[in-house]
Structure formats: C-alpha cells, structure tokens
Amino acid sequence: MQRKTLIALSTALFSAGFAATALAQAPMFATTKVEGTDNVYIFRYQGHQAMFIVTPAGVIVTDPISYGRPQAAKTYLEEIRKITQAPIKYLVYSHHHYDHIAGGKVFKDAGATVIAHRRAKERLAQLKAPDVVVPDQAVDSKRTIKLGGTTLDLVFTGRNHSDSSLVMLLPKEKILFAVDFNSLGAVPSRLAVNDSYPTEWEASLKRTLALNWERMIPGHPGPGGRLGNRKDMEQQLAFMTDLAIEVKKASDAGKCFDPATKEVRLPKYATLANYEQNIEWNVHRWCGYFGRGI
Ligand SMILES: [Zn+2]
C-alpha cells in the first residue's frame, strides 16, 4: 500500500491509537476472536471493523465496510467461511453511513436478511447507492435476534453521530458493538461530528451506558487495537457535556461561529488524543446547533 493512502486512511480514523505507523505494519485485514467468548469475532479491513457471531444455526454479520473497495466484503465472507459453513442468516447495519455499510450484496446473495434502523432504511431507499443494499427489515426502538443459542439485542439509544445508530448488545457476553459515536480516549473527528446531533448525543451516551455491558467493539480500531470500556464512554459524555456548556455560553454572547471556533477550548480534555486537531470541528458543530438551531 502506498504511503499516501496510509496517511489518508489513518487521518480518517476516529481513534488515535491506530496511527499511521501501526496501520503501515498491520496487514490489510484481520479476523480475531474476542477474548473470553466462544463465537464472537471482529473482522477488520484497513481502518474499519465489524463484529460477527457464529452459531450452529447460522451467522450474524454486521457492517460490510466496503465503501470504494468491494473486495472487503468478499474477504469478510471468505474469512467467515474459514470458520464455519453455517448459513449467513442476518446482516445488521450499525447506521446509514456508506463507509460502514457498502458492499452488503455479498451477504444478501449468501442468504442474509438485511436489518437496520428505520431511518437508515428510509435514507438508503431514497439515495439508492449502487453498492448499498437497502435493508429488508427495519427496527424502531428495539429488536432481539435469537439464533443458535445466541441472543443479540439491537437497540436504538437515540440520535448521536447519526440519526440511525443501532447498538448491538450481546447480553450474555456483556459485549456491545457501537459504531462512530464513542471515540475511545480521543476528541471526536470532523467526520464523527459532521452530521451529528449535539446534546441528543449526550442523552444517547447515557442510554447506552444504562445497558448492561462491559466491553465495546468500535467501528474503527481503538488505540493499539483495544476494545472500548465504560470509562471511555463516561469520558466522552463528560467531554460533550462540558463542550455544550461552553459553546452555549459563546453562542449566547453572539460568538458563533466566529470567534467561538477559535476561542472556545476545553483544556481539561487536552490530554485526549487528537485534541488540537479536532476541537475546532467540535466547537463548529455545536455552534451550528446553539447559534443557528440546526
Ligand atoms: Zn458514521
């Protein structure tokens, strides 16, 4: 892979730890079993990753992660086939962003029922991207999938990074797959906040924290490839709570967007990864909300 591609990839990542050097050393893709589980796996392709669950009755796949690279979903299926020949029963989308869900045809052709949040289905049906499969079924607030002894809860915890984020909870394993709205020890990136829902995001983090989980699989590899934990999410909630307070003050003083984007800073969180690089984008997005009502 060319160095230019690597840099573009690493800057697109939400988490800090999976830096260009780590990515340069990492193979293009990897499949790992989540420690302490019998049947929960992570498939990573470049800077994206997804969870899949293997049961005797079939496989539950999430996010095909193939935007601009159709080979990712093909590789994903090949990796699953090295583990099991069980039928592919479900494909669940974490939210509607193409970088996570393009490429689902491979799994649909293999027999999967495609599931997403209702708003994701609506958006995707409207946009009709050629490499995105429109979901067969939609979830509003919650749905439970039971397959081959495994229970997976699909829960909408409110609008956050998107208006269609489903968290996927394995209640027995206490593992959560949650994508793009918790950036493990880092200030959220420009892409993470771009079309997000300030303040509702905080409420969503609280609802997600109210679920019974211990480890979180993120949609982009965490620092050093680690999983997320409740402390990461609590830290992000604290950051966003303080961000809202400070930007609201600036907005009430008529400072949005300028000079607020240059002036509002949260030094308490300066040790978070990508603080210098991303704080302005966060202030900008929150300014849009408090200063213009959008
Ligand atoms: Zn996203």
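This is a predicted model, so every value here is computed, not measured. Numbering of ligands and ligand atoms starts at 1, following listing order.
- When the N, O or S atoms of H95 are ranked by distance to the Zn ion (ligand 1), NE2 comes first.
- Among the backbone and side-chain atoms of H100, no N/O/S atom is found under 2.8 Å from the Zn ion (ligand 1).
- For T62 (side chain) and M51 (main-chain N/O), a donor-acceptor pair under 3.5 Å exists by modelled atom type.
- Under a cut-off of 6.0 angstrom, the local environment of CH2 in W213 is crowded, with over 12 non-hydrogen atoms contributed by other residues, nucleotides or ligands.
- Listed by first then second residue, pairs satisfying ring-ring contact (aromatic ring centres under 6.0 Å, His included) with a partner in residues 233-264 read F239-Y269, F257-H284, not counting sequence neighbours.
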Extract all donor-acceptor atom pairs below 3.5 Å that involve side chains of residues 165-177 and protein atoms in other chains or at least two apart in sequence.
residue	atom	partner	partner atom	Å
S165	OG	N160	OD1	2.9
S165	OG	S162	OG	2.8

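- The Zn ion (ligand 1) sits nearest to atom OD2 when only the N, O or S atoms of D180 are considered.
- The Zn ion (ligand 1) is closest to atom ND1 of H97 (considering only N, O or S atoms).
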